[in-house]
Amino acid sequence: MRTPPERGTVPVGVIVFPKDILPAPRAWGERWFNVVHWTEASRGGHFGAWEAPELLVQDLRTFADRVAGGTTQS
């Protein structure tokens with residue numbers, strides 16, 4: 001039987017695109033990662049960064065702002 005890895009402490013941001021091949025539930029990510037930012041995008045699929053780049057960029061900015069304590073530029 002495999003032992004799962006220890007839960008990490010590094011802040012993690014996740015964006016889930018609704019038409020991805022296997023959209024993961026938040027509980028799966030939180031089991032091993034310190035998820036501090038979770039977004040369920042309104043559109044996009046397996047190639048979400050290509051299909052909806054503006055959603056990804058905005059989400060990355062929001063996550064970076066949260067992690068940096070509100071000091072990043074939008």
Connected via hydrophobic side-chain network under 4.5 Å: Leu60 and Ile15:
yes

Heavy-atom pair with the smallest gap, counting every atom of Pro18 and Ala41:
CD-O, 3.3 Å

Would you sort out whether Gln58 and Thr62 count as a side chain to side chain contact (heavy atoms under 4.5 Å, CB included), showing the intermediate values?
CA-CA 6 Å; Gln58 182 57 47; Thr62 301; 3.4 Å; yes

Ala24 versus Val16, closest heavy-atom pair with distance:
O-CG2, 4.1 Å

Closest approach of Asn34 to Arg7 (non-hydrogen atoms, all atoms of both residues)
CA-NH2, 3.5 Å

Hey, are the side chains of His37 and Asp59 touching, using non-hydrogen atoms and a 4.5 Å cut-off?
yes

Does one hydrophobic cluster hold both Val12 and Trp38, with members joined at side-chain heavy-atom distances below 4.5 Å?
yes

Cluster question for you: counting only ILVMFWY and a side-chain heavy-atom cut-off of under 4.5 Å, with indirect links fine, are Val36 and Trp32 together?
no

Can you list every pair that meets salt bridge (charged side-chain N to carboxylate O under 4.0 Å, His left out) and has a residue in residues 32-52, with sequence neighbours left out?
Arg43-Glu54

Would you please test Arg26 and Val14 for side chain to side chain contact (heavy atoms under 4.5 Å, CB included) and show each step?
CA-CA 9 Å; Arg26 186 173 184 156; Val14 177; over 6 Å; no

What about Leu56 and Phe47, same hydrophobic cluster or not, with Ile/Leu/Val/Met/Phe/Trp/Tyr joined at side-chain heavy-atom distances under 4.5 Å?
no

